Amino acid sequence: MEAPWQEIKRQVMDGLDMSREFTDEELRERIALAVRGYSKEKLLSLKVRESYEEQIFNSFRRLDVLQELLDDPEVTEIMVNGEAHIFYEKEGALFPWTKAELSRERLGDMIQQIAGSANRAVNEANPILDTRLSDGSRVNIVLEPVSVEGSCVSIRKFSKKPMTLERMMELASLSGEVAEFLELLVQAGYNIFISGGTGSGKTTFLNALSAYIPKTDRVITIEDSAELQFQDVPNLVRLETRNANGQGAEEINIRDLIRTALRMRPDRIVVGEVRGAEAWDMFQAMNTGHDGSLSTGHANSARDMLLRLETMMAMGEKVDFSVIQRQIVTGLDILIHLGRMRDRTRKVLQVSEVCGIKNGEICLNTLYQFQETGVKGEKVHGIWKKESSLQNRQKLEEKGLAYSG
């Protein structure tokens, strides 16, 4: 049975002149008129009228029943598993959303609205889409029948207030000593790679590190879907990939953008996430004078990340394995591994220096390691133990930055 607000929405749609665009204000006025007309017959309360007006507007211009979750600053992730199941993440825990329901038709409309607002296409020919919302939230869409139980939408929200290393220290994600050390490394132009599992906070950490990039540097960011939120970087260029479409537009991938970025006089190149053959091009950039470049990747440990990088670079170019390892060792300076603890907090687990090849394996000099000291009130406590000192101090010395470690 159709809900009352849906009946009002149909009346609004019937009265719209689809040959022109309506502003949000005009649309809200038409919705309010339709709701008042309906209320004269049904004698709706003011609270119900306001609720109908918001639901109808959200279904036209926003994310329908998901808008309330999107507006909640404590919700970090929204998951739609077909029209029947909606979940959200809050304070690291998952909960079912039972306040509202989606029909198959409304879910389809919402998906097309998300894709259209980002000038992307998702359909039977291209059933998978990575994109973003206007507020920067990351969106992944998988249409049925690829998603067997119905079309799936995953939304990763980002805080409107940028995360900083200072705030991470307050949250016990790293120590002051580690934060100060990483600040120096970014300023000096060390090439840094951030690894971690899904939801470990790699993008957030990359954003926090960007605050220490010198204001004189020209920075080019490269992403599948632009979601990095660099703060106070005056000379910033943001590049985003593009899928091929039926109108003749060709695909532009990460490898294309890295090669283009090299012609744009960058000081630093930042690749949001490395997943495949583009790793080769990224390390070519690191090895051709673009010090201070940054990137992230999925892995369960720092060692696993190196193995993944080797594999991804082999996908990019058919060269001897020893050549790949030399490219990594000469290009990458620092590897930071993040993790999500069992109490759902995110922490820097290891900071390592890449320092050569021994017996066919890339060597890591562990600088800082997180060590648990116990659990209090279900919270994991620990210290960041300094394991070793930085060996390669050339970039620090060239920039005249003091390091006493």
Side-chain angles (χ1 to χ4, degrees), residues 182 184-195 206 209-210 212-224 226 228 230 233-241 252-297 305-336 352-357 362-364 390-401:
L182 295 180
L184 282 174
L185 295 183
V186 174
Q187 291 175 349
Y190 282 75
N191 292 325
I192 298 174
F193 199 95
I194 302 165
S195 66
L206 181 54
L209 289 182
S210 73
Y212 304 104
I213 295 175
K215 303 298 180 286
T216 55
D217 285 3
R218 176 171 170 81
V219 181
I220 298 179
T221 65
I222 297 169
E223 302 172 83
D224 275 327
L228 291 173
F230 282 12
V233 179
N235 198 345
L236 176 67
V237 177
R238 305 172 71 205
L239 303 180
E240 183 180 54
T241 62
I252 299 176
N253 59 35
I254 293 284
R255 299 196 74 177
D256 297 327
L257 294 179
I258 294 176
R259 292 166 183 167
T260 294
L262 292 175
R263 303 184 183 99
M264 299 172 70
R265 201 268 178 210
D267 290 307
R268 301 178 187 232
I269 294 176
V270 179
V271 181
E273 183 179 344
V274 174
R275 299 188 183 95
E278 67 272 9
W280 176 266
D281 301 279
M282 184 191 72
F283 275 94
Q284 290 296 297
M286 287 182 172
N287 279 300
T288 52
H290 302 94
D291 289 339
S293 293
L294 303 154
S295 189
T296 76
M305 191 68 250
L306 287 177
L307 295 175
R308 285 206 66 218
L309 285 171
E310 291 172 356
T311 302
M312 289 187 287
M313 290 180 71
M315 295 165 58
E317 294 289 332
K318 294 181 179 180
V319 297
D320 189 81
F321 203 68
S322 62
V323 174
I324 289 174
Q325 289 188 323
R326 285 199 298 272
Q327 288 288 315
I328 294 174
V329 168
T330 56
L332 183 59
D333 298 309
I334 300 292
L335 186 53
I336 303 170
S352 302
E353 178 184 15
V354 179
C355 54
I357 303 170
I362 297 174
C363 299
L364 285 177
L390 184 70
Q391 295 179 9
N392 178 14
R393 306 189 181 197
Q394 182 179 347
K395 292 181 179 180
L396 285 167
E397 293 168 355
E398 289 175 350
K399 293 290 176 68
L401 297 172

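The model shown is predicted, which means the values in this text are computed figures rather than measured ones. Residue indices begin at 1 and follow the sequence shown.
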Can you name the salt bridge (charged side-chain N to carboxylate O under 4.0 Å, His left out) partners of D281, sequence neighbours left out? R255, R259
Could you measure the distance from the CE atom of M312 to the CD1 atom of I324? Nearest 0.5 Å is fine. 11.0 Å
Scanning both residues in full, the closest heavy-atom pair of M282 with I258 reads N-CD1, 3.9 Å
Can you establish whether the number of heavy atoms outside E398 located under 6.0 Å from its atom CD is more than 12? yes
N191 side chain to F193 main-chain N or O, any donor-acceptor pair under 3.5 Å? no
If only atom types and distance count, is the side chain of T296 paired as donor or acceptor with the main-chain N or O of G272 below 3.5 Å? yes
So, using salt bridge (charged side-chain N to carboxylate O under 4.0 Å, His left out) as the criterion, who are the partners of E353 when residues are at least two apart? none
R265, K215, R218 screened by side-chain hydrogen bond (donor to acceptor under 3.5 Å, both in side chains) with N235, the one that passes: R218
Looking at R275 and E273, does any basic side-chain N land under 4.0 Å from a carboxylate oxygen? yes
Starting at CG of L239, measure out to CD1 of I222 and round the result to the nearest 0.5 Å. 5.5 Å
For the pair D291 (side chain) and Y190 (backbone), establish whether a donor and an acceptor sit closer than 3.5 Å, ignoring hydrogens and angles. no
Might you point out which heavy atoms bring I254 and E223 nearest each other, and give the distance in Å? CD1-C, 3.8 Å
Between the main-chain N or O of V219 and the side-chain N or O of D217, is there a donor-acceptor pair closer than 3.5 Å? no
For S295 and V271, indicate whether the former's side chain and the latter's backbone hold a donor-acceptor pair under 3.5 Å. yes
Interatomic distance, L294 atom CG to I269 atom CD1 [nearest 0.5 angstrom]: 11.0 Å
K395 (side chain) donor-acceptor with G189 (main chain) under 3.5 angstrom: yes
Using modelled atom types and a 3.5 Å cut-off, is there a donor and acceptor pairing between side-chain atoms of N287 and backbone atoms of Q327? yes
Donor + acceptor pair across side chains of N253, E278 (<3.5 Å): no
